[in-house]
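So that the names make sense, note that chain A is the first sequence line, chain B the second, and so on, each numbered from 1.
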Amino acid sequence: MLYLRSLVNVADNSGAKIAMVIKILGKKAGSPGHIGDRCVVVCKEVRKNIATGKQKVGKSDIRHAIITRTRKGASCFDGRHIKFGENAVVLIDKKGFHFKEHP
Amino acid sequence: MKIGLCVYSGYKIYPGHGKTMVKADGKTFTFLNSKCERAHLMKRNPRKVTWTVLYRRKHKKGQEEEATKKRTRRTQKFQRAIVGASLNDIMAKRNQRPEVRKAQREQAIRAAKEQKKSTKTAKKATAPAKQVKQVAKQKAAKNIQKAAPRVGGKR
């Protein structure tokens with residue numbers, strides 16, 4: 001369950017390490033974000049690209065993201081329940097495509 | 001339809017039951033119920049918790065004992081040569097036919113008897129009176145011993 005100011009891991013190769021959730025899109029104000037929800041995040045920690053030296057995603061960049069893993073977990077309609085050991089998101093561009101360092 | 005096994009207790013997990021937990025390092029744990037989940041999170045070793053399958057396996061509870069005990073290892077006999085007789089001599093003696101053995105025995109008996117006869121006749125010629133007295137004394141001693149009752153009752 002992710003709210004405003006929740007710190008999450010960034011689980012892709014965009015370069016960002018840790019992001020902070022600013023807004024959960026498509027839901028009532030104050031309601032939590034679950035797996036599969038779109039959100040707006042701020043990149044708090046960023047990895048350096050050792051190979052090129054460039055940085056596609058910089059610190060305090062505001063990006064959209066999709067929540068992929070939460071500690072709360074999710075329930076499937078067939079009765080399965082799964083939960084993860086961390087909260088993680090994947091950065092996307094505004095059109096909804098996966099924001100990758102290398103296309 | 002896949003029936004999973006609880007990682008903690010070892011029980012079967014039917015569809016619709018249980019929880020899966022994926023840790024940050026990628027290890028997956030499937031629990032039957034919150035009892036197992038809580039025990040795992042409390043870091044209780046299932047091998048020490050009496051009702052789990054792991055404990056029962058470790059302490060060999062159940063019917064597995066009977067199957068393993070029936071097998072016993074037997075050492076094989078190995079014939080060796082002794083200082084007095086070589087292997088060939090031992091094997092020759094073993095493999096002798098019973099008729100041959102019997103004949104050998106009878107021969108030996110006959111020879112011994114003949115020896116005894118010859119010695120007896122030689123002794124009789126030298127001292128017959130002494131032998132008779134000795135025999136009489138022995139008989140008297142034996143009689144006395146038998147007559148006396150045991151002291152102290154039953155043993």
For this session: Anything in residues 73-80 of chain A with a heavy-atom distance to chain B below 4.5 Å? Please list those residues in order.
Result: A:Asp78, A:Gly79

Problem set entry | A:Asp12 CG to A:Leu91 CG distance, which is reported to the nearest 0.5 Å | 5.0 Å

For this session: Using a strict 4.0 Å threshold on nitrogen-to-oxygen distance, state whether B:Lys102 and B:Glu106 make a salt bridge.
Result: no

For this session: Look at the side-chain heavy atoms of Ile, Leu, Val, Met, Phe, Trp and Tyr, link any pair under 4.5 Å apart, and say whether B:Val7 and B:Leu41 land in one connected group.
Result: yes

For this session: Could you tell me which residues satisfy salt bridge (charged side-chain N to carboxylate O under 4.0 Å, His left out) with A:Arg71, sequence neighbours excluded, listed by chain and number?
Result: none

Let me have the donor-acceptor pairs involving side chains of residues 111-120 of chain B, under 3.5 Å, with sequence neighbours excluded, atom names and distances please.
from: B:Ser118; atom 1: OG; to: B:Glu114; atom 2: O; distance (Å): 3.3
from: B:Ser118; atom 1: OG; to: B:Gln115; atom 2: O; distance (Å): 2.5
from: B:Thr119; atom 1: OG1; to: B:Gln115; atom 2: O; distance (Å): 3.2
from: B:Thr119; atom 1: OG1; to: B:Lys116; atom 2: O; distance (Å): 2.5

For this session: Starting at CZ of A:Phe84, measure out to OG1 of A:Thr70 and round the result to the nearest 0.5 Å.
Result: 7.5 Å

For this session: State plainly whether the residues A:Lys83 and B:Glu37 are in salt-bridge range, i.e. N to O under 4.0 Å.
Result: yes

Exercise. Who in residues 19-35 of chain B is close to chain A, using a strict under-4.5 Å heavy-atom cut-off?
Worked result: B:Lys19, B:Thr20, B:Met21, B:Val22, B:Lys23, B:Ala24

For this session: Measure the OG-CZ distance between A:Ser14 and A:Arg47 for me, rounded to the nearest 0.5 Å.
Result: 8.0 Å

Exercise. Is atom NZ of A:Lys17 surrounded by more than 12 heavy atoms (other residues, nucleotides or ligands) closer than 6.0 Å?
Worked result: no

